[in-house]
Amino acid sequence: MELNDNNKKTYIQIIIESLNKKYKVLNELMQITSRQKAIIDADSFDEDLFMETISLKQEQIDKLSELDRGFELVYDRIREDLKTNSKEYQSEITSLKELVTKITDLNIKLQALEKSNKPKLESRLANKRQSIKKSRLSNQTVTNYYKTMSGGQEAQSYFYDKKN
C-alpha cells in the first residue's frame, strides 16, 4: 500500500505523540519508584503502601507495552520512507531523535533507581522473614509451655521408684 504525503505526515505525528506519551508514562514510573524508595528507606516498612505502588507501576508498565506495540505498528508503515526521504522529514526526524534521547535518559535513571532499590527491598524482606520465623517459634514455645502447665501434655517422670 502506497502512502500519500498527507498519510505519512499523519503517521509521523502519531509516532511523535506516542513517544511523548511514553515519556510521560516513564515520568510517572519514576515518581512511583521514588515513592517506593521512600517506603523502603522509612523506619517502618508499610507493606500496604508498597503493594499499592506495585499495582500503580503495573498499570504504567501495561500502558508502556501498549504504546510500544502501537509505535511499532505505525513505525513499520513509514520506516522505509523515513530512511529514503530523510531530507524531506528532517524536522520530524530531529524531533523523534530528541524524544528518543529523552526517553533513553529517563529509562537509564529509572533502571538505576530500581537497581538501588532492589538490595534494600531484599534486605527488608529478609528481616521480615526472620521476624516472622522468630514470632512463630515464640508462639510455638509459649503454646507448648501452656500445654505442659495445664496438663494437656503428660509430663514424663524423671524419678524412678525403687520400692519392690
Side-chain angles (χ1 to χ4, degrees), residues 3 7-86 89-147:
L3 298 173
N7 286 343
K8 291 174 189 175
K9 293 278 186 186
T10 302
Y11 282 146
I12 292 171
Q13 276 310 119
I14 290 171
I15 289 175
I16 289 171
E17 287 173 22
S18 176
L19 289 175
N20 278 319
K21 287 178 184 177
K22 183 173 183 170
Y23 184 75
K24 288 177 184 176
V25 171
L26 283 170
N27 264 325
E28 183 64 29
L29 269 172
M30 188 69 164
Q31 290 174 1
I32 295 168
T33 305
S34 294
R35 275 188 256 150
Q36 283 183 328
K37 178 179 173 27
I39 293 167
I40 293 169
D41 290 344
D43 290 337
S44 63
F45 184 71
D46 187 339
E47 292 175 51
D48 293 333
L49 193 56
F50 188 80
M51 293 307 289
E52 184 181 314
T53 61
I54 288 176
S55 295
L56 292 172
K57 278 178 86 168
Q58 187 59 52
E59 289 174 18
Q60 298 305 315
I61 290 169
D62 291 345
K63 285 180 186 177
L64 275 179
S65 296
E66 187 178 319
L67 286 169
D68 285 344
R69 281 191 301 273
F71 177 89
E72 287 296 322
L73 288 173
V74 175
Y75 184 70
D76 286 343
R77 292 183 180 180
I78 62 165
R79 175 181 303 162
E80 286 305 315
D81 198 52
L82 284 175
K83 288 179 183 176
T84 56
N85 299 319
S86 61
Y89 303 111
Q90 190 62 44
S91 66
E92 290 89 350
I93 290 172
T94 302
S95 294
L96 288 170
K97 285 181 180 179
E98 288 172 3
L99 282 168
V100 168
T101 300
K102 283 174 45 177
I103 288 169
T104 303
D105 290 346
L106 187 55
N107 201 14
I108 289 169
K109 290 176 186 175
L110 182 60
Q111 288 176 3
L113 184 56
E114 286 281 358
K115 192 173 184 177
S116 75
N117 281 353
K118 185 179 178 179
K120 294 176 187 176
L121 179 61
E122 287 172 347
S123 174
R124 281 282 188 171
L125 293 176
N127 289 341
K128 190 72 169 170
R129 277 189 226 107
Q130 191 67 21
S131 172
I132 290 170
K133 187 176 179 180
K134 285 180 183 178
S135 177
R136 284 184 184 157
L137 185 58
S138 294
N139 287 342
Q140 186 179 14
T141 303
V142 168
T143 302
N144 288 340
Y145 172 77
Y146 283 116
K147 278 183 182 177

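Just so we're clear, the structure is a prediction, and the values are computed from it rather than from any experiment.
Rounded to the nearest 0.5 angstrom, Asn20 CG and Ile16 CD1 are separated by 8.0 Å. With rounding to the nearest 0.5 angstrom, the CG atom of Leu19 is 9.0 Å from the CG atom of Leu67. Considering CD of Gln36 and CG of Leu49, their distance stands at 9.5 Å, rounded to 0.5 Å. In this structure, CD on Glu17 lies 11.0 Å from CG on Leu99, to the nearest 0.5 angstrom. With rounding to the nearest 0.5 angstrom, the CG atom of Leu73 is 11.0 Å from the CG atom of Asp68. Separating the NZ atom in Lys109 from the CG atom in Leu29 is a distance of 15.0 Å, to the nearest 0.5 Å.
Inter-residue side-chain proximity for Glu66 and Arg69 is flagged as met; some heavy-atom pair is nearer than 4.5 Å. Between Arg79 and Asp76 the shortest side-chain heavy-atom distance falls below 4.5 Å. Side-chain atoms of Phe45 and Leu121, non-hydrogen and from C-beta on, do get closer than 4.5 Å to each other.
When the shell of 6.0 Å around NZ of Lys57 is examined, it contains more than 12 heavy atoms from other residues, nucleotides or ligands.
One finds no salt bridge joining Asp105 and Lys102 here, because no Lys/Arg side-chain nitrogen approaches an Asp/Glu carboxylate oxygen to under 4.0 Å. Salt-bridge check for Arg35 with Glu28: passed, with a basic side-chain N closer than 4.0 Å to an acidic carboxylate O.
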> Do Phe50 and Arg124 pass the side-chain contact (heavy atoms from CB on, under 4.5 Å) test, and can you show the C-alpha distance, the side-chain angles, and the key distance before you say yes or no?
Replying inline: CA-CA 12 Å; Phe50 188 80; Arg124 281 282 188 171; over 6 Å; no
>> Between Asp48 and Met51, is the side-chain contact (heavy atoms from CB on, under 4.5 Å) condition met? List the steps.
In response: CA-CA 5 Å; Asp48 293 333; Met51 293 307 289; 5.6 Å; no
> Going through the distances and angles, do Lys37 and Lys120 end up as a side-chain contact (heavy atoms from CB on, under 4.5 Å)?
Replying inline: CA-CA 9 Å; Lys37 178 179 173 27; Lys120 294 176 187 176; 3.0 Å; yes
> Passes side-chain contact (heavy atoms from CB on, under 4.5 Å), Leu106 versus Leu110? Steps please.
Replying inline: CA-CA 6 Å; Leu106 187 55; Leu110 182 60; 5.6 Å; no
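Looking at Ser123, its side chain never comes within 3.5 Å of a backbone N or O of Pro119 through a donor-acceptor pair.
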Check: residues 91-98 side-chain donor-acceptor pairs under 3.5 Å, at least two apart:
from: Glu92; atom 1: OE2; to: Lys9; atom 2: NZ; distance (Å): 3.0
from: Thr94; atom 1: OG1; to: Gln90; atom 2: O; distance (Å): 2.8
from: Ser95; atom 1: OG; to: Ser91; atom 2: O; distance (Å): 3.2

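Applying the side chain to side chain contact (heavy atoms under 4.5 Å, CB included) test between Ile78 and each of Asn85, Ile12, Ile14 identifies Ile12 as the sole match.
Counted by atom type alone, Gln58 and Asp62 present one or more donor-acceptor pairs between their side chains at under 3.5 Å.
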